[in-house]
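Notes follow once the structure below has been shown.
Hydrogens, waters and symmetry mates play no part in the numbers below; they use all other heavy atoms, side chains included. Everything numeric in this text was worked out from a predicted model, so none of it was measured. Residue numbers start from 1 in every chain, and the chains themselves are labelled A, B, ... in the order their sequence lines are given, proteins ahead of strands.
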Protein chains: 2
Amino acid sequence: MPQTHPDPIDPALTGPQAAAQLAARGTSVAPGEPGKPFANMLCFSVYAAQLAFNRLYKQLLAPHGLTYLQYLVLVALAQAEDRTVGELGEVLFLESNTLTPLLKRMEAAGLVSRRRDSADERVVRVALAPAGAAVVAQVECVPLDVLAAIDLPLGDLHQMKSAIDRLSQELRKTPA
Amino acid sequence: MPQTHPDPIDPALTGPQAAAQLAARGTSVAPGEPGKPFANMLCFSVYAAQLAFNRLYKQLLAPHGLTYLQYLVLVALAQAEDRTVGELGEVLFLESNTLTPLLKRMEAAGLVSRRRDSADERVVRVALAPAGAAVVAQVECVPLDVLAAIDLPLGDLHQMKSAIDRLSQELRKTPA
DNA sequence: CTTATTTAGATCGCATACGATCAAATCGTT
DNA sequence: AACGATTTGATCGTATGCGATCTAAATAAG
């Protein structure tokens, strides 16, 4: 059966794409090349780096049944008796609309426990469950493996982290 | 009706979360504080920066009916006659499983056109549609607005971008 | 004490991302 | 021509993120 491709792309407006060649110097910090559309966009560099980090972590965490965000939650919980959903949101820069479904999945997987605070029934306290603590121990070496995969001087990484954190702070100032 | 909270958190394993205090020095490049679980994780800094960028761009792009990724696609298409799905994937570091639904939504919105290559029917060529070109013109100033919101020296941003790009490259090497 | 306001999570819909799989078209070899 | 392997997108299921809205609990006002 030829000519019946899964997605034939029906009419489709052809359109005069002559309107190209627009500056498009997003978060521009330098003039751009034609082949590399995002060569000047700091935002894209951060975006691409996050994709790369996420993919590398995914490879290392998937065998333990963890996603990167779930790993972050476990790390955050490993350093405290428990944390409320709001406190988790503060350290992760996320809201309950993201955290609640995430924490429910993690609870279903036996990684964390969720409990209403008896003093304030609005508050949900999240803590590491036994299985979660076990997984935390298993993935303890993952960050070092990632670090080992990066062939750059530790000092450079320190500087980079400080710089990115400053940038982050600046970006979080404005939205208000 | 009291005591019937939307999500009561049924049995929930209480669990001895005593297994905390684990090093958890993810992508660690320095010793950590108790209150800041990710103070040493470069990966988290990148993650948080990406969230912050995305939120700021969302504010500026939403009035034009664009998401950040859709904006990136338009920028990429503004600099070329057209691009195949694969070529878009190369510059955006994404695969067809993400791009195809995205491009279909953008086509439905009249932002881009999708066409099978007549020479090779496997290939889909994506180009800027009239409405897409118009939106590109409208959002031309967005990157400068973002840049203006960042109270840091341009030189620092240049350096930061170079450093992040190097990091990105390193991270993309390993997965193979 | 009763009502209005605030606060903490939860819910819903939509838009990314990605692993796994599939279909169609092309290419390479015979 | 024919058939297997490769290439290019598309499809599906799941997990983030987030705007908008909702509920219940706690608090403030009267």
*Contact pattern, 5' to 3', of nucleotides 14-20 of chain C - B, S or - by protein heavy atom under 4.0 Å*: -SBBBBB
_Those residues that, when tested against B:Asn97, pass side-chain contact (heavy atoms from CB on, under 4.5 Å) (two or more places apart)_ = B:Glu95
*Does a nitrogen or oxygen in the side chain of B:Arg115 sit under 4.0 Å from OP1 or OP2 of D:dG9?*
no
*By side-chain contact (heavy atoms from CB on, under 4.5 Å) - contacts of A:Gln159 (at least two apart)*: none
_Rounded distance in Å - CZ (A:Arg122) to C1' (D:dA25)_ = 6 Å
_Among C:dA25, C:dA8, D:dA10, which nucleotide has an atom closest to any side-chain atom of A:Val123?_
C:dA8
*Specify the separation, in whole Å, of atom NE2 of A:His64 and atom P of D:dA15.*
18 Å
*Report yes or no: does B:Arg114 contribute a side-chain atom to a donor-acceptor pair with the main-chain N or O of B:Glu107 at less than 3.5 Å?*
no
*Round to the nearest Å and state the distance from A:Tyr57 atom OH to D:dT16 atom P.*
16 Å
*Nearest 0.5 Å, what's the CG-CD distance between A:Asp151 and B:Glu170?*
5.0 Å
*What orientation do B:Phe93 and A:Phe44 show, parallel under 30°, tilted 30 to 60°, or perpendicular over 60°?*
parallel
_Euclidean distance, atom CD of residue B:Glu121 to atom C1' of C:dC27 [Å, nearest integer]_ = 16 Å
_Among A:Leu94, A:Leu72, A:Leu77, which residue satisfies the side-chain contact (heavy atoms from CB on, under 4.5 Å) criterion with A:Leu88?_
A:Leu77
*Mind calculating the distance between CG (A:Leu99) and C1' (D:dG19) to the nearest angstrom?*
15 Å
*What's the verdict on salt bridge (Lys or Arg N to Asp or Glu O under 4.0 Å) for B:Arg116 and B:Glu121, showing C-alpha distance, side-chain angles and the deciding distance?*
CA-CA 6 Å; B:Arg116 292 276 170 194; B:Glu121 289 284 339; 5.3 Å; no
*B:Lys104 has an atom NZ; how far is it from atom P of D:dA10, in whole Å?*
6 Å
*Has A:Thr84 got a side-chain N or O lying under 4.0 Å from the OP1 or OP2 atom of C:dG9?*
yes
*So does B:Arg125 get a side-chain nitrogen or oxygen closer than 4.0 Å to the phosphate oxygens (OP1/OP2) of D:dG9?*
no
*When the distance from CZ of B:Arg116 to P of D:dG9 is rounded to whole Å, what number comes out?*
8 Å
*Separation of A:Leu61 atom CG from D:dA15 atom C1', in whole Å?*
14 Å
